[in-house]
Asker: 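Here it is, the structure, as structure tokens.
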Amino acid sequence: MRDWLNKPAKAAYLFIFPSMVILLVFTLVPVVSSVVIGFFNLNMFFKDTSFVGLQNYAKLLADRRVWNSFGNTLMFMLMEVPLQVTLGLFVAVLVSRASWFVRLARSVLFIPVVCSLTSISIIWSLILDPTIGIIPYYTQLLGLGKCTFLKDPNLAMPIIVFLSVWKNFGQTMVILLAGIQSINPTYYEAAMVEGAKPAQQFFRITLPLLLPNVAFCVITNLIGSMQVFDQVYVATRGGPMFRTETAVMYIYTRAFSAPFQLGYASAIATVLFVIIMILSLTLNRWFLKREEAVYA
Amino acid sequence: MKKTLAMVLVLILTLSITISASAATEITFWNGFTGSDGEVLAQIVDEFNATNDKGITVTMDVIPWANFHEKLPTAIATGTAPELVLMGNDAIMPYISTDSLLPMDDFFTATGVDRAEFPESVLDMFNVNGTQYMMPMQVNTLYLYWNKTLFREAGLDPETPPTTWDELYTMAKQLTNPEKNVYGFGLPVGSVSVFLNEMLSEGGAVVDDATGKCVLNSEANQKVFQQIQDAVQINKVSPLGTTGADFDNILFAGQLAMYINGPWCINGCNTNGLDYGIVKIPAGSAGLVYDMGGCGYGVTTGTSDEKKAACYEFIKYWNSTAVCKKWSMVNGFPPYLASVKADPEIQANALLTEMSSSLEYGKVYLKGNTNATTINNDVLFPMLERIMNGADVKTELAQAQDAISMILGQ
């Protein structure tokens, strides 16, 4: 056994074993269970369980709140991902030079990332509260009228997007910054000798060579944005008028409030899983093709 | 000899500790009393733990109501539920329909508590199909709170609150002052507290008691919701999208002139030094009709007989004259026990006496309906929010009636 494990290729299994166990217990088993539960009429009390086949899926097609929540999720994703990656990239370029001020700026910009999303959501909902919030107070003093922000059906989702970008762009910035710093400086030196302007250097050198990092950020942010929940749960609970009710928020509502429809919620979760998988794979393939073109 | 004596003493001591330890019964108790009334509840639990002679220890865990109803089903399903739970009568049906609560029909015989002390209407709130699933802990009646300072500033008589809904909305308009961030009346989202009482007292209803059919789209209800919409959209008497918890804070901050809520706001008003009054809610064309609710103690399925007996002991303690009187006097909840109602101190309190009489004409909303929570969360609350945001009242009521009828299987 020891001899077998001492072979480098075999020893690798030993090292990944703990991670595989965690992945199996906390990811694979729940995913498979969720798919299976989606075919049952099952409540949180595990009483009167019955197999209903595709009935939960038929039900979700006719459920207006399912369509609304997926629409809201899509809207969130379309606003949040481009905004976050663009902002992250812009700031990463700005802080890529080495000076004490830039190093301080990097740390400051990264602070929201290490803060709890729940705390941040609570703080922002207090700051924006129309009655006790500091920002509505100043908007009124400035004669802009009373802004209701998170209580306004048209503003609530953009504010959730802003909150999410503000919280997470530091992480995107760090990943892209690492990519920028790993680009060989001789490319830039050669470009400068050839008379390339900073914008040309960015679009012809930085961006193409940063594509793997950008791809990683886009795909991980996309997966995260399709699962947006915490900030919505804390700041708006899906309101006003369901305008911020996202897919995961709706799944949570169906499963964890009366009548506790675990089976139905699992069916919606399965659909969300499939959508995220298709989107991620499609984007991944697209980025791979682009990278091949760049490096060819 | 001395050594033997010491050993015998040690043995006796150890045995007595073991016996007393085995006689002790510990029960876990979950509730959602996060407000100032929860502090009084904690005091009473501590007093019970210190004074009961059966070695019972009640360990209380206070969880916000929203999380309470998320955690409890999971705990019940996994066999980790607390023995004793406290919840509103409007939330019990999902637990009863899944056999998650033990029947408590044997409570009076097991404890010797006099059943005649309890009004039938109060016991009936927790009785489903002839089975008693919970024992009363409190009866919730809503009051109208009014801020006398804001009444004075608006040129209204601070000692004359509105007695009808029409008066209330007229006064609310006069009391609203956008420059000072003062709102005339609080109309919360996600709550039935205002519109249900207004509907009932104007002769409307969600479901007809006799036929069991949804009658939401009635003329009486259309008038009520139109009045609510006008109050928010035209007269701006209430901020949009505000929850009951937010309104509590606005009331305590002295920026809300009138608000309908339970007695749990009294402590907050006192703490914040408000000059306020409380009175019964306004009457409508059908007179004064209350939506009566209450909280009750339940014992979860799987609780052993020994622990069930310990739970009963605590419930018996709660339903004693001294404890119920304390609860009513400190927190303003209307007394329901006959002995508490007859107490001279309670009788000297005009408001409590008035409120306890409401038990006779209060109506329990959607009693015994397993879909009550779904009807509220999925239909009525979203409908109310849309109406407050300016949606057509008749269309909304018609759509909501169809949705409720579908939920009721009609």
Side-chain angles (χ1 to χ4, degrees), chain A residues 42-49 59 62-66 68 118 125-126 128-133 136-137 139-141 143 145-156 159 233-245 250 252-262 264-265, chain B residues 66-67 69-79 81 90-100 178-179 181-183 189-190 236 239-243 246-247 249-251 253 255-256 301 370-378 381-391 399 403 407:
Chain A
L42 172 75
N43 63 30
M44 190 58 90
F45 300 91
F46 297 163
K47 295 268 179 184
D48 307 321
T49 305
K59 189 176 158 186
D63 187 343
R64 278 191 299 173
R65 270 174 78 180
V66 168
N68 173 64
T118 307
S125 14
L126 289 173
L128 297 172
D129 188 284
T131 316
I132 56 162
Y137 173 73
T139 57
Q140 204 170 10
L141 281 187
K146 187 138 197 166
C147 297
T148 48
F149 296 109
L150 287 164
K151 314 276 184 197
D152 185 329
N154 298 318
L155 284 179
I159 290 169
Y233 181 80
V234 175
T236 62
R237 287 244 168 191
M241 295 165 72
F242 302 119
R243 293 287 180 90
T244 60
E245 188 172 70
Y250 187 54
Y252 182 82
T253 308
R254 282 277 79 100
F256 295 98
S257 63
F260 306 103
Q261 297 162 314
L262 214 53
Y264 184 48
Chain B
N67 303 112
H69 290 295
E70 289 163 358
K71 282 183 81 174
L72 188 57
T74 324
I76 288 168
T78 53
D90 54 342
I92 58 176
M93 282 316 292
Y95 300 95
I96 291 173
S97 60
T98 51
D99 300 324
S100 302
E179 281 174 18
N181 272 337
V182 168
Y183 297 100
V189 290
K236 316 273 184 201
L240 265 174
T242 308
T243 62
D246 291 335
F247 272 124
N249 293 327
I250 303 174
L251 176 77
Q255 290 178 303
L256 187 60
T301 307
T370 45
N371 297 305
T373 317
T374 310
I375 289 173
N376 279 347
N377 291 344
D378 290 0
F381 295 162
M383 178 201 76
L384 177 69
E385 211 178 345
R386 282 194 292 269
I387 287 176
M388 282 186 178
N389 276 281
Q399 283 176 356
I407 291 170

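Protein chains get the first letters and strands the later ones, always in sequence-line order, with residue 1 at the start of each.
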Asker: Could you tell me the separation between the CZ atom of Phe381(B) and the CZ atom of Phe242(A), rounded to the nearest 0.5 Å?
Answerer: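 It is 10.5 Å, given to the nearest 0.5 Å.
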Asker: Once salt bridge (charged side-chain N to carboxylate O under 4.0 Å, His left out) is applied, do any residues pair with Arg386(B), and if so which ones, sequence neighbours excluded?
Answerer: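 With neighbours one apart ignored, the set is Glu396(B).
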Asker: How close do Asp48(A) and Ser97(B) get, heavy atom to heavy atom, and via which atoms?
Answerer: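 Here Asp48(A) and Ser97(B) meet closest at OD2-O, 4.4 Å.
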Asker: Supply the atom-to-atom distance Phe45(A) CZ to Thr78(B) OG1, rounded to the nearest 0.5 angstrom.
Answerer: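 OG1 of Thr78(B) is found 11.5 Å from CZ of Phe45(A).
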Asker: Heavy-atom cut-off 4.5 Å, strictly under: side chain, backbone, both or neither for Asn43(A) against chain B?
Answerer: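 The answer is the side chain of Asn43(A).
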Asker: Roughly how far, to the nearest 0.5 Å, is CG of Asp129(A) from CG of Asp246(B)?
Answerer: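 Answer for the CG-CG pair, Asp246(B) versus Asp129(A), is 6.0 Å.
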Asker: With a 6.0 Å cut-off (strictly less than), is the heavy-atom count around OH of Tyr137(A), excluding the residue itself, greater than 12?
Answerer: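 Counting other residues, nucleotides and ligands, OH of Tyr137(A) stays at 12 neighbours or fewer.
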Asker: Quick check: closest heavy atoms across Ala77(B) and Met44(A), and the distance to 0.1 Å?
Answerer: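 Minimum heavy-atom separation between Ala77(B) and Met44(A): CB-O, 3.2 Å.
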Asker: Count the heavy-atom pairs under 4.5 Å between each of Asp99(B), Asn249(B), Asn181(B) and chain A, then report the option with the highest count.
Answerer: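 The candidate making the most pairs under 4.5 Å is Asn181(B).
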Asker: Can you tell me if Glu70(B) uses its side chain to pair, donor with acceptor, with the backbone of Phe256(A) under 3.5 Å?
Answerer: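 A pair under 3.5 Å: no.
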Asker: Looking at Leu240(B), Ile250(B), Asp378(B), which makes the most heavy-atom pairs under 4.5 Å with chain A?
Answerer: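 The residue among Leu240(B), Ile250(B), Asp378(B) with the greatest pair count is Asp378(B).
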Asker: Of all heavy-atom pairs between Lys47(A) and Thr98(B), which one has the smallest distance, and what is that distance?
Answerer: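 What the structure gives for the nearest pair is CE-O, 3.1 Å.
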Asker: Side chain, backbone, both or neither: which part of Tyr183(B) has an atom under 4.5 Å from a heavy atom of chain A?
Answerer: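 It is the side chain, since no backbone atom gets that close.
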Asker: Over all heavy atoms of both residues, which pair between Pro259(A) and Thr374(B) is shortest? Give the atoms and the distance, please.
Answerer: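 What the structure gives for the nearest pair is CD-OG1, 3.5 Å.
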Asker: What are the two closest non-hydrogen atoms of Lys151(A) and Thr242(B), and how far apart are they?
Answerer: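 Shortest heavy-atom separation between Lys151(A) and Thr242(B) comes out as NZ-CA, 4.5 Å.
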Asker: What are the two closest non-hydrogen atoms of Asn389(B) and Pro153(A), and how far apart are they?
Answerer: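 Of all heavy-atom pairs spanning Asn389(B) and Pro153(A), the closest is OD1-CG, 3.9 Å.
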Asker: Name all residues meeting the side-chain hydrogen bond (donor to acceptor under 3.5 Å, both in side chains) criterion together with Tyr264(A); count only those two or more places apart in sequence or in a different chain, and write none if there are none.
Answerer: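 Tyr264(A): side-chain hydrogen bond (donor to acceptor under 3.5 Å, both in side chains) contacts with Asp63(A).
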Asker: Counting only heavy atoms closer than 4.5 Å, note whether Pro239(B) contacts chain A via side chain, backbone, both or neither.
Answerer: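 For Pro239(B), no heavy atom lies under 4.5 Å from chain A.
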Asker: Side chain, backbone, both or neither: which part of Ile76(B) has a heavy atom under 4.5 Å from chain A?
Answerer: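 Just its side chain gets close to chain A.
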